[in-house]
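For reference, the structure discussed in these notes is given below.
All values derive from a computational prediction rather than experimental measurement.
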Amino acid sequence: MPCTTILVGKNASYDGSTLMARNEDSGSGSFTPKKFIAVNPEDQPRHYKSVISKVEIELPDNPMRYTAMPNALPDEGIWGEAGVNECNVAMSETETITSNPRVLGADPLVEGGIGEEDMLTIVLPYIHSAREGVLRLGALIEQYGTYEMNGVGFQDVNEIWWFESIGGHHWMAKRVPDNEYVVMPNQLGIDQFDFPDAYGAKCAHLCAEDLLNFVRKNHLDRAVDAPEAGENHEFDARAAFGSRSDSDHSYNTPRAWFMLRYLNPNTFVWDGPEADFTPESDDLPWSLEPEKKITVEDIKYVLSSYYQGTDYNPYSRHADTARRGMYRPIGINRNNFVAVTQLRPYMPEALRAVEWIAVGSNAFNEAAAFYANVRTTPEYLANTGKDATTENFYWANRLVGALADAHYSACISHVERYQLKLASECHAMLRRFDAACPQENVQAYLEECNRQIAARTKELTTDLLNKVLYSASCEMKNAFARSDA
């Protein structure tokens, strides 16, 4: 599944929160309606069966409540994608990543294994920390195998870990440095991996128990004139396990380049013949310390990118026509949703987790903020079905995006005003609701807060649709007035 992820350590964020966000995108030629729900323990399966691979797994009998962003239509399974459990641990799955023939020949993918459809459902309800999430998913992949290469984010209030599967049964994970952020397109991303740490203190690296033997046995270390793999702290995991294809240079690396360029504009030269890094560089850093602390709005902007300010912007009137639209945008027509999970260390545990959710094409939508410590979610986000309607967030945004894209110049000012207003009002409502939270019946209170946020989100989104529809209608090809005669 084509997607884009950003992970922000607590000392790199504007308020000390850990921040994790990911776009889920549909495959080419398809659009997948999504909904935002809460899964209570009584609704969690104890015997799980995948729709795609048919794998069957017995699950523990003590699941926690959690939120999820599943497919609205159940024909391909659950695809829970992003959520927070009642211990304020978040999971984002998955970033489909790439590998190479050496890895896939040594450890082939497993047709009847687990995949993106399954992972959130079989992991998130049972973990109490980000690190625990890594270990549970790793154990499941070792036991059942996987039929695809995936990257998965795990987050708690102190740590974020990034997990990458390697072939059918192997995996590695790296802790995001507290003062740095990570950007991930659809490629294996971890660059330097510290095997001594992974097999020793395990401070910032974890992996399958036999990963080092797997590397040595299959000659995967590509370092020149270096000690044997695992004997130093700078094993190049990206070169060993990842890809370096022509399609990466149009589909993957440009997305990472834009995000890094936006958040670190002065750290490197990003443009021109003297650029340190270009949209096609294979050595883009996995993590960087940002030049300014990162906000929710920064995250939403980069995950909505269509290369604004560059020659690659498909909507630009001034860009070089040979370059316009040459790279795959992040904010693409096939965005299903983006979820930004914010775990706020300065709030009580009951109020700590907030999910900022936007649906449809990110170039033309905005994220609304919702509390995660709830048993139910608002109908406007939970009632998504197969038919287009203005009565839910997903379809209203899909309509806005289709109209605004076709009439970009006439509609983009409406979209930008909507984005500013909804984001501002969500920040204001969170401040007000945080301050007024009672000591008892907190979940019922937060559910009512979410209902009010959803109601206001619906008002603003409907108003945007009205304006975009009017502007697009005025530009119809069959427009004609008597004064034109």
Side-chain angles (χ1 to χ4, degrees), residues 3-9 12 20 22 91-100 102-104 106-107 119 130-131 133-135 137-138 141-142 146 148-155 159-212 214-215 218 220-223 226 229-230 232-245 248 252-253 255-257 259-260 277 281-289:
C3 309
T4 311
T5 297
I6 182 169
L7 315 167
V8 182
M20 179 168 69
R22 169 181 164 271
M91 179 177 176
S92 179
E93 56 89 36
T94 68
E95 188 81 30
T96 305
I97 59 176
T98 52
S99 190
N100 62 65
R102 300 176 303 283
V103 170
L104 298 178
D107 183 10
M119 290 179 180
R131 183 184 294 259
V134 168
L135 296 174
L137 179 57
I141 284 181
E142 290 178 43
T146 180
E148 58 189 357
M149 295 280 295
N150 281 313
V152 181
F154 292 98
Q155 171 194 17
E159 297 185 338
I160 300 178
W161 284 79
W162 180 247
F163 176 108
E164 293 183 330
S165 62
I166 302 165
H169 299 88
H170 292 86
W171 59 273
M172 63 180 172
K174 188 168 181 175
R175 186 182 187 273
V176 177
D178 289 340
N179 63 334
E180 297 185 7
Y181 69 96
V182 166
V183 297
M184 283 295 308
N186 293 116
Q187 283 179 288
L188 188 139
I190 294 175
D191 43 18
Q192 302 302 315
F193 191 80
D194 186 341
F195 274 118
D197 180 51
Y199 288 110
K202 297 178 170 53
C203 293
H205 301 79
L206 296 167
C207 67
E209 186 62 33
D210 67 335
L211 184 61
L212 182 53
F214 175 72
V215 169
N218 294 288
L220 297 176
D221 186 4
R222 299 180 61 193
N232 62 43
H233 300 258
E234 296 185 353
F235 172 73
D236 190 342
R238 189 182 296 174
F241 305 131
S243 64
R244 186 174 182 174
S245 68
D248 285 332
N252 290 322
T253 55
R255 286 182 274 159
W257 170 84
M259 291 189 283
L260 295 167
F277 297 106
S281 294
D282 290 308
D283 58 347
L284 291 166
W286 181 70
S287 66
L288 277 179
E289 184 174 345

I'd like to know whether Thr4 forms a side chain to side chain contact (heavy atoms under 4.5 Å, CB included) with Met259, so could you lay out the CA-CA distance, the side-chain angles of the two residues, the decisive distance to 0.1 Å, and finally the verdict.
CA-CA 10 Å; Thr4 311; Met259 291 189 283; 3.4 Å; yes

Distance-minimising heavy-atom pair for Glu142 and Glu209:
OE2-N, 4.4 Å

Value for CZ (Phe241) from CD1 (Ile97), rounded to nearest 0.5 Å, stands at 10.5 Å

Would you say the side chain of Arg102 lies within less than 4.5 Å of the side chain of Asn218, judging by non-hydrogen atoms?
no

From Thr146 OG1 over to Ile166 CD1, what is the distance, rounded to the nearest 0.5 angstrom?
12.0 Å

Closest non-hydrogen contact found for Glu164 with Met184 is OE2-CE, 3.5 Å

Just so I know, are the side chains of Phe195 and Asp197 near enough to count as touching, which here means a heavy-atom distance under 4.5 Å?
no

Counting distance only, does the side-chain N/O of Asp107 pair as donor-acceptor with the main-chain N or O of Gly168 below 3.5 Å?
yes

Whether the Asn100 and Arg244 side chains hold a donor-acceptor pair (N or O, under 3.5 Å, no angle test) is what I'd like checked.
no

For a quick test of reading the model, state the closest non-hydrogen atom pair linking Trp286 to Pro177 and the distance between them.
CZ3-CD, 4.5 Å

Between Ser99 (side chain) and Gly242 (backbone), is there a donor-acceptor pair under 3.5 Å?
no

Please confirm whether Phe193 and His205 have ring centers closer than 6.0 angstrom.
yes

For Trp171, ring pair (Phe, Tyr, Trp, His ring centres under 6.0 Å) partners two or more places apart:
Phe163

Do Trp161 and Glu159 have side chains that get closer than 4.5 Å, going by heavy atoms?
yes

Distance check, rounded to the nearest 0.5 Å: Trp162 atom CH2 versus Lys174 atom NZ?
14.0 Å

Heavy-atom pair with the smallest gap, counting every atom of Pro285 and Phe277
CD-CZ, 3.9 Å

Can any side-chain N or O of Asp178 pair as donor or acceptor with the backbone N or O of Gly9 at less than 3.5 Å?
no

Ignoring hydrogens, what is the shortest heavy-atom contact between Cys3 and Arg22? Give both atom names and the distance.
SG-NH2, 3.2 Å

If you round to the nearest 0.5 Å, how far is CD of Glu234 from CG of Asp191?
10.0 Å

Short side-chain to backbone donor-acceptor contact, Asn252 and Gln187, under 3.5 Å
no

Nearest 0.5 Å, please: how far is CE in Met20 from OG in Ser92?
5.0 Å

Among residues at least two apart in sequence or on other chains, which ones pass ring pair (Phe, Tyr, Trp, His ring centres under 6.0 Å) with Phe214?
His170

Would you check, one step at a time, whether the test side chain to side chain contact (heavy atoms under 4.5 Å, CB included) holds for Val182 with Ile6?
CA-CA 6 Å; Val182 166; Ile6 182 169; over 6 Å; no

For the side chain of Tyr199 and the backbone of Cys207, is there at least one donor-acceptor N/O pair under 3.5 Å apart?
no

Do we see a donor-acceptor contact under 3.5 Å between the side chains of Thr5 and Glu95?
yes

When you check the side-chain N and O atoms of Thr98 and Asp248, is any donor under 3.5 Å from an acceptor?
no

Taking the side chain as everything from C-beta on, heavy atoms only, tell me whether Phe154 gets closer than 4.5 Å to Leu137.
yes

Any side-chain heavy atom of Ile190 sitting closer than 4.5 Å to one from Arg238?
no

Nearest 0.5 Å, please: how far is CG in Asp221 from CG in Asp236?
8.0 Å

Side chain to side chain contact (heavy atoms under 4.5 Å, CB included) between Leu206 and Arg131, intermediate numbers included:
CA-CA 9 Å; Leu206 296 167; Arg131 183 184 294 259; 4.0 Å; yes

With heavy-atom distances below 4.5 Å as the criterion, would you say the side chains of Pro185 and Thr253 are in contact?
no

Any side-chain to backbone donor/acceptor pair from Asn179 onto Glu289? Under 3.5 Å, distance only.
no

Side chains of Val152 and Met119: does their closest heavy-atom pair fall under 4.5 Å?
yes

Between the side chain of Asn150 and the main-chain N/O of Thr94, is any donor-acceptor distance below 3.5 Å?
no

